[in-house]
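Input: one structure, supplied below.
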Amino acid sequence: MTNNKYVLDWIDEMAKMTNPDKIVWIDGSKEQTEALRAEAVATGELFKLNEEKLPNCYLHRTAVNDVARVEDRTFICTPTKEEAGPLNNWMEPSECYEKLSKIYKGSMKGRTMYVIPYSMSIVGSPFAKIGIELTDSIYVVLNMLIMTRAGKTVIDALAPDDNTFIKGLHSKADLDETKRYICHFPQDNTIWSVNSGYGGNVLLGKKCFALRIASYLGRKEGWMAEHMLILGVEYPNGEIKYLTAAFPSACGKTNLAMLIPPQIYREKGYKVWCVGDDIAWLRVGKDGRLWAVNPENGFFGVAPGTNEKSNPNALATTRQDTIFTNVVHNLDDNTVWWEGLNNDPPKNAVDWKGNKWDYRKYDKKDKSTCGAHPNSRFTSMAINCPCVSPKFNDPEGVPISAIVFGGRRAKTAPLVYQSRNWDNGVFVGSIMASETTAAAAGAVGVVRRDPMAMLPFAGYNMGDYFKHWIDMGKKIAKKPLIFNVNWFRTDDEGNFIWPGFGDNLRVLLWILARTEGKVDAVETPIGFVPRPSDINIEGLDITEDTVKELLTVDKAVWREEVPGIRAFYDKIGDTVPEELRDELALLESKLK
Ligand code: OXD
Ligand code: MN
């Protein structure tokens, strides 16, 4: 497929170590993909689902011990520990290569090594970067064919003397969790993943490359790789404005990215277009604006909770060409089901572990009774999404008017606020936090800091990452404005006050109006909040007083927040930029 010597030598070296029976290049052709699907079905790695109801869809089950990303086994392997920073696990590169080489040794014996050339972002785009993943898993190949642009066109685009491609090695080995490692070598453009078969650990184009390695490259090369959705809001006059938004995992990025406007807005002609639901690569354009692409080609979304109300567009996207992982198998009609899909669980079903599942024993409060794993997933093609943006395949990307941060806070953060300027906006992103819910193990209401939603994904020291944000601000002549949203404010009884879902558009419209100077705002110690009358509540079951409550900034609550922020900065240490320390001091003085 190629005469690039760097590629060939590297494959040779990896094959010598892992010792596969054969090596197969993935060309992206329909014929080869079909043959691989058939092979996976024959071995039981995939189940073919009902062709009429779910055309071209498959079900896969991971090992029971292998169902999520493993942050404690994820390492950034830079020559010094300081480069990785105190929030990442670190291993010295040569030590890591040596340790993992022993695990990889002979791990592909009796198996095929697949060579997947893939591009993050569209081939030929100024944003695009090429990776090659070597893997012994057909499941990985078939997922990568959905999640990235992969195959012959990509390897053809790699020049014979180009050695800048990202080298990814994955082996399931024997799925031993005590020897599971997800390791990144940013200086070597290399990713080594072993002993897992779960998407977030093994689809190396996603978190490993498009966030961890790319964030490192972005700093070096003057651009940004962020854990952000990208969406466009179309106005009745046909104009479209784009924004990006970063929320921690499981805070509704996919839902917001595919939002359906409330009826009164649809009737007026508003639409929302999804460019991406998880990752944004951002560059300064020739026009001085910030431009974004989604480097991915598909969605690796969480299935439970996805339904006709929460996200009809995602649901429609999964109705064809999808690989489902760890959901319930409905044996009556050979389809799939998950908790929160509807109130009609299948009566004749197999759970995510492959055991017969009795829906009558399902107890919402006891996760062990779930039919689908809470982190079960769908891998679907973006082009199948009913609201996919017409700009999805535009190599130039889309211009960004606003950057939105957000988290799950019961009391602290108002529904929305605007930062005072770029540096203050970086501060807002750096103090992002979410409160744990009863849905996760551990104490409820504990604040977990997750700056820019990048805590598990920054490929280098978080303090240096903050500095890169500050520096980028100096390069963007026409800066997007930076906001924070909180859909999760609760009343004294703990009920959510804001309706959320499609109605979040009402808040996005205020944000976009601010970017055009079309609406006023009220200054508070943390930034600008809307005048309550500027959040349109027409057709909603809430009053302007409720909006007032949603927008209050309680100084006492924020004063309590400050020591937590300071402690977090202290944990990061000296690399926290002076600009952010100054912002913290300013906030403190404004709260007096
Ligand atoms: C994801 C995550 O899967 O953030 O997107 O964990
Ligand atoms: Mn994510």
Side-chain angles (χ1 to χ4, degrees), residues 60 62 66-74 87-88 120 139-140 143-144 146-148 182 184 191 193 196-215 224-231 244-258 274-282 292-306 311 314 317-318 322-327 338 372-380 382 385 404-408 429 432-434 436-437 439-441 448-459:
H60 171 79
T62 64
D66 189 24
V67 291
R69 287 186 292 102
V70 279
E71 289 178 17
D72 56 329
R73 308 205 63 91
T74 298
L87 306 186
N88 279 314
M120 297 315 290
Y139 170 77
V140 167
N143 274 271
M144 286 292 283
I146 297 173
M147 293 305 295
T148 70
I182 320 298
H184 308 71
I191 305 158
S193 162
S196 174
Y198 168 75
N201 301 326
V202 300
L203 308 180
L204 301 186
K206 194 173 178 64
K207 303 298 188 180
C208 299
F209 176 0
L211 286 177
R212 297 194 189 98
I213 296 285
S215 60
M224 300 162 97
E226 298 298 331
H227 192 197
M228 289 175 168
L229 66 89
I230 310 167
L231 66 78
T244 61
F247 306 145
S249 304
C251 280
K253 280 211 309 293
T254 305
N255 291 350
L256 186 68
M258 298 181 190
C274 173
V275 183
D277 79 326
D278 196 39
I279 300 176
W281 282 4
L282 303 141
V293 292
N294 168 12
E296 301 193 278
N297 194 43
F299 307 122
F300 183 62
V302 176
T306 304
N311 196 338
T317 312
T318 67
T322 292
I323 300 172
F324 296 96
T325 302
N326 290 344
V327 298
W338 50 77
H373 188 275
N375 191 34
S376 54
R377 298 279 174 151
F378 54 82
T379 316
S380 297
C385 180
V404 181
F405 295 119
R408 182 184 283 272
M432 243 174 81
S434 246
T436 50
T437 66
R448 176 180 137 114
R449 300 251 158 233
D450 187 355
M452 284 85 168
M454 285 289 277
L455 182 67
F457 305 121

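Atoms within a ligand are numbered from 1 in the order they appear, just like the ligands themselves.
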Atom name of the N, O or S atom in Asp278 that lies nearest to the Mn ion (ligand 2)
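Distance check against the Mn ion (ligand 2) picks out OD1 in Asp278.
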Would you say Tyr198 and ligand 1 have an N/O pair spaced under 3.5 Å apart?
no
Are the side chains of Phe209 and Ile191 in contact, using a 4.5 Å heavy-atom criterion?
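Side-chain contact under 4.5 Å: yes.
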Structural part of Glu71 in contact with ligand 1, heavy atom criterion under 4.0 angstrom:
neither
Heavy-atom check, side chain of Ser249 versus side chain of Arg69, under 4.5 Å:
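Yes, close enough: below the 4.5 Å cut-off.
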Any idea which atoms of ligand 1 are less than 4.0 Å away from a heavy-atom of Asp278?
5 (O)
If the cut-off is 4.0 Å to any non-hydrogen atom of His227, which atoms of ligand 1 fall inside it?
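Taking each heavy atom of His227 in turn, ligand 1 has 4 (O) under 4.0 Å.
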The Mn ion (ligand 2) and Lys207: any N/O/S contact shorter than 2.8 Å?
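An N, O or S atom of Lys207 is closer than 2.8 Å to the Mn ion (ligand 2), so yes.
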Where is the nearest protein heavy atom to atom 4 (O) of ligand 1: which residue, which atom, and how far?
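The protein heavy atom lying closest is Ser249 OG, 2.7 Å.
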If you have a sec, work out which protein heavy atom is nearest atom 5 (O) of ligand 1 and how many Å separate them, to one decimal?
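Going by distance alone, atom 5 (O) of ligand 1 is nearest to Lys207 NZ, 3.0 Å.
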Tell me yes or no: between the side chains of Thr322 and Ser380, is some donor less than 3.5 Å from an acceptor?
yes
Are side-chain heavy atoms of Leu204 and Met144 found at a separation under 4.5 Å?
no
Report yes if the side chains of Met120 and Glu296 come closer than 4.5 Å at any heavy-atom pair, otherwise no.
yes
Check the orientation of Phe457 and His227. Use parallel for under 30°, tilted for 30 to 60°, and perpendicular for over 60°.
perpendicular
